[in-house]
Amino acid sequence: MPAPMKGLLQPTIYRFQFGGFEVMPIMDSKAIRSGLTPAFGGEANADAVKALAKANRIDSDRYEHPFTPLLVNTGKELVLFDTGNGSLRDEYEQLKNRLPPGNLVARMGELGYKPEDVDVVVLTHGHPDHIGGLTKGGKEVFPNARYVFGATEFDYWNKGENIREARKLNRELYVKIVVPLGNKATMIKPGDEVVPGIRAVDCFGHSAGLMAFTIESEGKRMINWADTCNHYVVAIQRPDLQLDVDDDKEKAVATRKRILDMVNKEDMLVAGFHMPYPGIGYIDKDKDGTFRWVPHSYQMHL
Ligand SMILES: [Zn+2]
């Protein structure tokens with residue numbers, strides 16, 4: 001009897017040491033999306049994006065889109081950045097084909113942690129794939145955690161002014177899931193410290209108040225840039241292209257350029273929510289000024 005085929009198997013949990021911290025990117029889920037164009041850069045740049053995909057040996061249309069919350073154990077506190085998709089697709093018909101079911105809690109279990117163990121939940125911003133796992137059936141998924149939300153992001157969704165059509169459902173979700181927890185959350189702004197070693201960075205643009213977070217321990221420094229760049233080829237090699245998912249498109253472009261430049265100059269390790277799993281890498285800069293994603297190999301294992 002020939003052995004049966006078992007299908008694609010790919011890693012969904014990962015842990016490495018960073019100074020005195022342990023860092024764990026967890027793949028909550030992933031989607032295979034079609035339409036690298038016009039999502040990235042619009043119709044006007046479709047040919048350029050297709051050529052870029054070809055030059056980087058990836059499909060010019062379909063792309064893998066992972067959702068990767070980041071768990072950090074500082075030795076004193078267990079800090080979770082973002083919560084994945086949770087069960088949003090079961091609760092909202094409109095999201096059925098858009099968001100896969102979340103697996104964050106199960107995969108956190110494989111790493112040896114229960115939801116009760118999480119001390120701090122930080123939301124980088126309020127898009128569905130980041131807030132979806134915060135509650136389930138109206139109940140908090142991380143019952144012992146304190147919450148850290150960005151003040152600008154919270155105000156934006158809470159007030160609900162000038163929400164574009166494509167984000168109307170997002171606003172509904174934010175008001176239902178995040179706003180009720182606002183009174184017990186710490187509201188922070190760029191530059192504020194979350195816990196010792198973890199500090200917020202202004203990445204406004206992709207959403208009104210998106211924040212990245214530097215993670216620093218024993219002289220090592222990395223950044224969790226969340227959704228600052230949403231695709232490892234297009235958004236990094238062409239940070240100037242406007243994206244359909246960016247809420248303030250011009251500000252998002254300026255932010256991408258600023259953060260890519262900072263990360264490259266300071267030689268920082270990056271964790272990115274939508275980078276190819278485990279979403280850990282570096283940013284190189286070619287002689288012509290083009291930035292490139294360099295996936296982490298074993299630098300953190302030595
Ligand atoms: Zn996202």
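Computed from a predicted structure; not experimentally measured. Counting starts at 1 for both ligands and their atoms, in listed order.
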H296 and Y14 aromatic ring geometry - parallel, tilted or perpendicular at 30°/60° bounds: tilted
Mutual orientation of the aromatic rings belonging to H127 and H130 [parallel < 30°, tilted 30-60°, perpendicular > 60°]: perpendicular
Pairs satisfying ring-ring contact (aromatic ring centres under 6.0 Å, His included), at least one member in residues 27-47, at least two apart: F40-Y63, F40-H231
N, O or S atoms of the protein lying under 2.8 Å from the Zn ion (ligand 1): D129 OD2, H130 NE2, D227 OD2, H274 NE2
Pairs meeting criterion salt bridge (Lys or Arg N to Asp or Glu O under 4.0 Å) with involvement of residues 88-105, two or more places apart: E91-K176
Cationic tip of K220 above F18 ring, under 6.0 Å, 45° of axis: yes
Atom pairs and distances, donor-acceptor, side-chain atoms in residues 107-117, under 3.5 Å, two or more places apart:
{"residue": "R107", "atom": "NH1", "partner": "M27", "partner atom": "O", "Å": "2.7"}
{"residue": "Y113", "atom": "OH", "partner": "N73", "partner atom": "ND2", "Å": "3.3"}
{"residue": "D117", "atom": "OD2", "partner": "K114", "partner atom": "N", "Å": "2.7"}

